[in-house]
Visitor: 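The structure's right below; bear with me while I get my questions together.
Ligands are counted one by one from 1 in listed order, and the atoms in each one are counted from 1 as well.
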Amino acid sequence: MTLDVIILAAGKGTRMKSRLPKVLHPVAGQPMILYSVEVAQVASHPPVLIIGHGSDAVKEIVGDRARYVMQQEQLGTGHAVMQAQSTLEGHSNAVLVIYGDMPLLRAETLQALYEAQQAHTGPFSMLTNVTDTPRGFGRILRDENGFVTAIVEEAHATVEQRAIREVNLGIYCFDAAWLWAHLKDIPISPKGEYYLTDLVEIAVREGGQINALPMTDSGEVLGVNTRVHLAEAEAEMQRRINERWMLAGVTLIDPSRTVIHAQVQIGQDTVIWPDCYLLGETVIGEACRIGPNSTLLNANLGDRCQVQYSVIEYATLEDDVDVGPFGHLRKGAYLEAGVHMGNFGEVKNSRLRRGVKMGHFGYLGDADVGEDTNIGAGTITANYDGMQKHKTQIGRDVFIGSDTVLVAPVIIGDQARTGAGAVVTRDVDAGNLVLGVPAKPRPKDEHKPQEETQ
Ligand code: UD1
Ligand code: CA
């Protein structure tokens, strides 16, 4: 038996009150629709995505992970499924229908629904939810034997029917041949729409039985219609992600105060202190200590790194690097193994080679710093002349004195030194000492050892 999945995602999501299509709103840093596309992998073919509102933006995000069918006018869930008929008819024995706005639905649940339908002789199986807050959902009507007889939309329900606690989640697994043969029988509603839910009555009229699998209000069934639901989905997703990492060997000191995006990777024995935001495609190695109060966005960390009260964006730390408190690594910062970056340092688009020490406040931009070089407090690369960015190249074992300004482009040779307060406007040869403003070499007899900043 082969399976295809249809994901309904053409609706506008009016109640989100947003310019962004509803299914592109992120949950744990990932557009909602991608969760539906992921669970659709219970089938071996890419799912068919029914798109309408914001279709170009949706296509751009989902790319070749789905096949697309355009629903020009949104005439209801039944109409949406009809759009996929010419693409899918004759290609599979079973068709799963899910929505693009239920990011918490698990693949195991869909698998169970699919298996239930395989074992079932009737035309389809569906998921329901038993809840004390049925508001907004279609109500499930069952006969005295417990068989589903109809789904009544809340708008059309009687007072009695509204009291029913079992609701339709909108997730179905159909016998494909039956589905394609009966979609055309769906009547047009008074509102001018075609309700997929009307297939229940159509099946029952033929004597077919509907297999309804009730769930109980798990976070999984949460559908997002408003930003209130969006926040609920976010909280539930965070809970799930954090639990997954703890079970994988990561310590979260306070999971309720840790945000980890869906795509993040963390090595075992890493400890995350409270108020950390691990965002985007951040990768953290083993036995690191992150936080408290740190934000890592698309950061790449090796093993045994330590980060405190810092912001690391699009930057790389090899093993045994420590940053902070109050460090800011910006795009393109690359700190090789064992680099020490203390408080109030900012590094952008620069490589700090093995063992570089930058213990205090300072700014390195567009720089390459050689092994074991010491960057004194207050060092600044003046990398921007108001029109263009320029590079600073610093050799190995260099000593940059406190408050040095390196006016780029400039090259400092290996083992060179700059005096405190030097403004370096010209290249410095290897082993030389330069002093003053603008910095100049001094006669050898006047060499005095510099005091290091500790
Ligand atoms: C639908 C069900 C309802 C169920 C609820 C669960 C019907 C008639 N009603 O109601 O029984 O309790 O879902 O959430 O099916 N969509 C399209 N094209 C359309 C219409 C909808 O792609 O023409 C998509 C939407 O983008 C959305 C999904 O289908 O992802 C559900 O549509 P929505 O209008 O929210 O259905 P409900 O009225 O909530
Ligand atoms: Ca809905």
Side-chain angles (χ1 to χ4, degrees), residues 5-16 18 20-25 31-33 35-37 39-40 47-55 57-58 62 66 68-85 96-105 124 126-131 133-141 148 150-157 161-162 164-172 174 179 183 186-202 210 212 214-215 217 220-226 229-230 232-233:
V5 181
I6 300 175
I7 304 174
L8 306 191
K12 192 170 181 190
T14 312
R15 284 183 286 162
M16 293 295 281
S18 177
L20 190 68
K22 175 168 77 176
V23 296
L24 294 187
H25 279 260
M32 237 186 282
I33 186 68
Y35 294 98
S36 302
V37 170
V39 292
V48 169
L49 204 54
I50 310 295
I51 50 176
H53 282 279
S55 58
V58 173
V62 179
Y68 301 94
V69 171
M70 190 70 185
Q71 185 190 21
Q72 295 292 354
E73 250 188 313
Q74 280 75 53
L75 298 178
T77 47
H79 182 257
V81 174
M82 287 173 202
Q83 310 309 305
Q85 182 154 2
L96 259 174
V97 175
I98 63 175
Y99 293 166
D101 60 3
M102 292 184 76
L104 292 147
L105 188 70
F124 65 96
M126 57 185 288
L127 293 178
T128 67
N129 186 37
V130 180
T131 176
T133 51
R135 265 167 24 113
F137 288 93
R139 307 299 201 276
I140 305 291
L141 307 191
V148 177
I151 299 170
V152 186
E153 292 308 303
E154 189 174 84
H156 310 302
Q161 289 168 336
R162 281 185 193 212
I164 294 171
R165 292 168 60 239
E166 186 179 17
V167 299
N168 175 29
L169 288 174
I171 297 163
Y172 320 86
F174 292 97
L179 175 68
L183 270 178
I186 294 178
I188 191 160
S189 80
K191 277 168 95 184
E193 292 190 359
Y194 298 88
Y195 295 159
L196 193 59
T197 46
D198 284 344
L199 287 177
V200 173
E201 280 168 89
I202 290 170
I210 313 299
M215 305 178 61
D217 260 340
E220 227 185 306
V221 304
L222 210 153
V224 175
N225 295 311
T226 67
H229 301 153
L230 183 67
E232 287 167 5

Visitor: Atom CG in L141, atom CG in N168: separation rounded to 0.5 Å?
Guide: 11.0 Å
Visitor: Examine the proximity of ligand 1 to E193 and report which part, side chain or backbone, both or neither, has a heavy atom under 4.0 Å away.
Guide: neither
Visitor: Counting distance only, does the side-chain N/O of S36 pair as donor-acceptor with the main-chain N or O of Y99 below 3.5 Å?
Guide: yes
Visitor: Among V221, N168, T128, which one puts a heavy atom closest to atom 6 (C) of ligand 1?
Guide: N168
Visitor: Geometry only, no angles: is T77 polar-contacting ligand 1 at N/O separations under 3.5 Å?
Guide: yes
Visitor: Do any nitrogen or oxygen atoms of G136 come within less than 3.5 Å of a nitrogen or oxygen of ligand 1?
Guide: no
Visitor: Could you tell me if the side chain of L127 sits less than 4.5 Å from the side chain of V221, heavy atoms only?
Guide: no
Visitor: Atom 18 (N) of ligand 1: which of H53, Q74, H156, Q71 has the nearest heavy atom?
Guide: Q71
Visitor: Would one find an N or O of E73, backbone or side chain, under 3.5 Å from an N or O of ligand 1?
Guide: no
Visitor: Below a 4.0 angstrom heavy-atom separation, can you tell me which part of V167, side chain or backbone, both or neither, approaches ligand 1?
Guide: neither
Visitor: H79 near ligand 1, heavy-atom distance under 4.0 Å?
Guide: no
Visitor: Is there a nitrogen or oxygen of I50 sitting under 3.5 Å from a nitrogen or oxygen of ligand 1?
Guide: no
Visitor: Minimum heavy-atom separation for V167 and P134, please, with both atom names.
Guide: CG1-CB, 3.5 Å
Visitor: Could you say whether the N/O atoms of L8 and ligand 1 ever approach to under 3.5 Å?
Guide: yes
Visitor: Say whether T197 and ligand 1 are in contact under the criterion: heavy-atom distance to a ligand atom below 4.0 Å.
Guide: yes
Visitor: For atom 10 (O) of ligand 1, which of K12, K191, E153, M32 has the closest heavy atom?
Guide: E153
Visitor: Has H229 got a side-chain atom pairing as donor or acceptor with N225's backbone, closer than 3.5 angstrom?
Guide: yes
Visitor: Short list, please: which atoms of ligand 1 are under 4.0 Å from a heavy atom of L75?
Guide: 23 (O)
Visitor: Got a second to check how far E220's CD is from N129's CG, nearest 0.5 Å?
Guide: 10.0 Å
Visitor: Using distance alone, decide if ligand 1 has a nitrogen or oxygen within less than 3.5 Å of any nitrogen or oxygen in Y172.
Guide: no
Visitor: Do Q83 side-chain atoms and H79 backbone N/O form a donor-acceptor pair below 3.5 Å?
Guide: yes
Visitor: Just verifying a value: how many Å separate L196 CG and L8 CG, rounded to the nearest 0.5 Å?
Guide: 7.0 Å
Visitor: Determine, step by step, whether E154 and R135 satisfy the salt bridge (Lys or Arg N to Asp or Glu O under 4.0 Å) criterion, reporting the C-alpha distance in whole Å, the side-chain angles of both residues, the deciding distance to 0.1 Å, and the verdict.
Guide: CA-CA 8 Å; E154 189 174 84; R135 265 167 24 113; over 6 Å; no
Visitor: Would you please determine whether A9 falls within less than 4.0 Å of ligand 1 on a heavy-atom basis?
Guide: yes
Visitor: So do the side chains of P103 and M32 get within less than 4.5 Å of each other, counting heavy atoms only?
Guide: yes
Visitor: Suppose I only count heavy atoms of A80 and a 4.0 Å limit; which atoms of ligand 1 are within that range?
Guide: 17 (C), 18 (N), 22 (O)
Visitor: Under 4.0 Å, heavy-atom basis, I'd like to know which part of K22 is in contact with ligand 1: side chain, backbone, both or neither.
Guide: neither
Visitor: For ligand 1, which atoms sit closer than 4.0 Å to a heavy atom of G138?
Guide: 3 (C), 4 (C), 11 (O), 12 (O)
Visitor: Considering Y194, F137, Y99, which one's heavy-atom position lies nearest to atom 2 (C) of ligand 1?
Guide: Y99
Visitor: Which value, rounded to the nearest 0.5 Å, describes the distance between E166 atom CD and I151 atom CD1?
Guide: 9.5 Å
Visitor: Which one of V97, V37, I50 satisfies the side chain to side chain contact (heavy atoms under 4.5 Å, CB included) criterion with I7?
Guide: V37
